[in-house]
Amino acid sequence: MSDPLLNRPVVDAAARLPRSFYVRRTVDVARDLLGKVIRHGSASAKIVETEAYLGTDDAAAHSARGMTPRTRVIFGPPGHAYVYLIYGMHYCLNIVAEPEGVAGCVLIRAVEPTRDMAGTALPSDGPGKLTRALGITLKHYGVDLTRGPITLHDPPDREAFKIGISPRIGISQAAELPLRFYIRGNRFVSREPRR
DNA sequence: GTAATGATCTCT
DNA sequence: GAGATCATTACC
């Protein structure tokens with residue numbers, strides 16, 4: 001493979017994001033997750049697109065209608081994974097934000113593959129595709145991202161990028177709110193912004 | 001217990 | 001533009 005994006009060095013475990021990173025407003029966590037590295041097993045990828053889903057005041061959020069067995073983790077301590085099955089076939093990965101007791105999570109919409117078990121990049125330009133590429137399923141519901149098996153890290157090299165903001169994709173409620181964040185010009189972003 | 005729905009993706 | 005496919009939810 002000649003793709004320079006592949007086979008980069010594995011990030012240092014010491015750069016793992018601390019709990020304090022997640023104990024903030026959901027919008028801030030969504031924006032700051034851009035450029036971070038997500039790891040699962042030997043797979044590794046850089047986050048290039050996110051969406052904020054605000055707790056109980058956001059009609060588009062699963063947590064809008066209160067705590068249920070599924071949304072329980074969204075109200076729990078930050079830095080945990082909220083995974084759900086959509087359309088009977090795709091898993092979506094969310095990162096829980098806000099202090100314990102306050103709902104809020106960030107949907108990971110696209111990642112830039114940096115390494116995987118086969119040494120080949122799998123499609124990761126969409127929320128359902130990236131979970132498949134990283135091997136994330138419902139069994140990862142509620143896992144602590146400061147412990148594993150899924151972990152988040154600061155990138156080994158700090159590349160500058162510009163942040164784009166747009167309305168969220170694929171929702172009907174609160175569809176106009178500018179809660180989607182992406183790295184401008186990155187080719188793995190799922191869609192270009194609407195105008 | 002039954003029925004509607006969906007933060008998607010792939011193919012036509 | 002339509003179909004795939006099933007966990008979760010709301011309602012009986």
Side-chain angles (χ1 to χ4, degrees), chain A residues 22 24-34 36 38 40 43 45-76 78-98 102-113 116 118 120-143 145 150 152 163-183 186-194:
Chain A
Y22 307 100
R24 297 182 294 142
R25 299 303 307 269
T26 306
V27 170
D28 295 331
V29 175
R31 182 196 59 226
D32 293 347
L33 276 172
L34 293 178
K36 302 301 187 190
I38 181 169
H40 181 223
K46 182 173 80 175
I47 298 173
V48 301
E49 181 180 344
T50 64
E51 281 179 357
Y53 283 86
L54 315 181
T56 46
D57 294 327
D58 179 4
H62 290 166
S63 51
R65 289 172 299 287
M67 190 157 58
T68 66
R70 181 175 69 158
T71 63
R72 174 183 55 80
V73 71
I74 306 175
F75 292 81
H80 289 246
Y82 166 49
V83 183
Y84 68 92
L85 177 70
I86 187 68
Y87 296 110
M89 48 183 69
H90 304 290
Y91 299 106
C92 289
L93 170 67
N94 294 251
I95 313 295
V96 176
E98 306 277 352
V102 181
C105 64
V106 177
L107 172 68
I108 308 301
R109 278 200 59 88
V111 299
E112 174 183 317
D116 69 32
T120 326
L122 280 59
S124 304
D125 55 333
K129 294 189 210 174
L130 71 90
T131 51
R132 192 148 65 88
L134 293 172
I136 295 170
T137 70
L138 260 196
K139 72 183 178 196
H140 297 107
Y141 178 91
V143 299
L145 300 170
I150 304 167
L152 291 175
I163 297 175
I165 304 178
S166 83
R168 295 173 292 185
I169 292 171
I171 57 172
S172 51
Q173 303 284 308
E176 75 290 348
L177 298 178
L179 294 176
R180 171 174 174 255
F181 303 88
Y182 59 94
I183 292 180
N186 187 286
R187 77 180 208 252
F188 292 93
V189 168
S190 66
R191 304 186 195 183
E192 281 307 302
R194 74 181 190 187

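Sequence lines set the chain letters: A, B, ... in the order given, protein chains first and strands last, and positions in each chain run from 1. Quantities reported herein were computed from a predicted structural model and do not represent experimental measurements.
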field: CZ (A:R70) with more than 12 external heavy atoms under 6.0 Å
entry: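 For A:R70, atom CZ is crowded (more than 12 foreign heavy atoms under 6.0 Å).
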
What integer distance in Å separates [X]:[atom1] from [N]:[atom2]?
X	N	atom1	atom2	result
A:L93	B:dT8	CG	C1'	15 Å
A:R65	C:dT9	CZ	P	9 Å
A:K129	B:dA7	NZ	C1'	16 Å
A:Y91	C:dT8	OH	C1'	14 Å
A:I95	B:dA7	CD1	P	18 Å
A:R109	B:dC9	CZ	P	7 Å
A:L122	B:dC9	CG	P	14 Å
A:L130	B:dA7	CG	P	16 Å

Is a side-chain N or O of [X] found less than 3.5 angstrom from the main chain of [Y], in a donor-acceptor match?
X	Y	value
A:E49	A:S190	yes
A:S63	A:G55	yes
A:T68	A:G66	no

message: Of the listed nucleotides (B:dT10, C:dT9, B:dA7), which one gets closest to any side-chain atom of A:Y53?
response: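 Closest nucleotide among those given: B:dA7.
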
message: Within this structure, what is the CG-OG1 distance for the pair A:L107 and A:T50, rounded to the nearest 0.5 Å?
response: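 One gets 8.5 Å once the value is rounded to the nearest 0.5 Å.
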
Straight-line distance of A:K46 NZ to A:I183 CD1, nearest 0.5 Å: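 The NZ atom of A:K46 sits 5.0 Å away from the CD1 atom of A:I183.
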
field: Any A:P127 side-chain heavy atom under 4.5 Å of A:R109 side chain
entry: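 A:P127 vs A:R109: side chains touch.
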
query: Would you call A:R25 and A:E98 a salt bridge, using N to O less than 4.0 angstrom?
result: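 Yes, this pair counts.
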
- prompt: Taking atom types as modelled and ignoring hydrogens, do the side chains of A:Y82 and A:H62 form a donor-acceptor contact shorter than 3.5 angstrom?
  reply: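 Yes, because at least one side-chain N or O of A:Y82 sits under 3.5 Å from a partner of the opposite role on A:H62.
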
message: Can you list every stem that DNA chain C is part of, counting only runs of 3 or more consecutive Watson-Crick or G-U wobble pairs with both distances under 3.5 Å?
response: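 If one scans DNA chain C for consecutive Watson-Crick or G-U pairs, the stems found are B:1-6 with C:6-11, B:8-11 with C:1-4.
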
Taking N or O atoms only and anything under 3.5 Å, show me the protein contacts with nucleotides 1-7 of chain C, one pair per line.
residue	atom	partner	partner atom	Å
C:dT5	O2	A:Y87	O	2.4

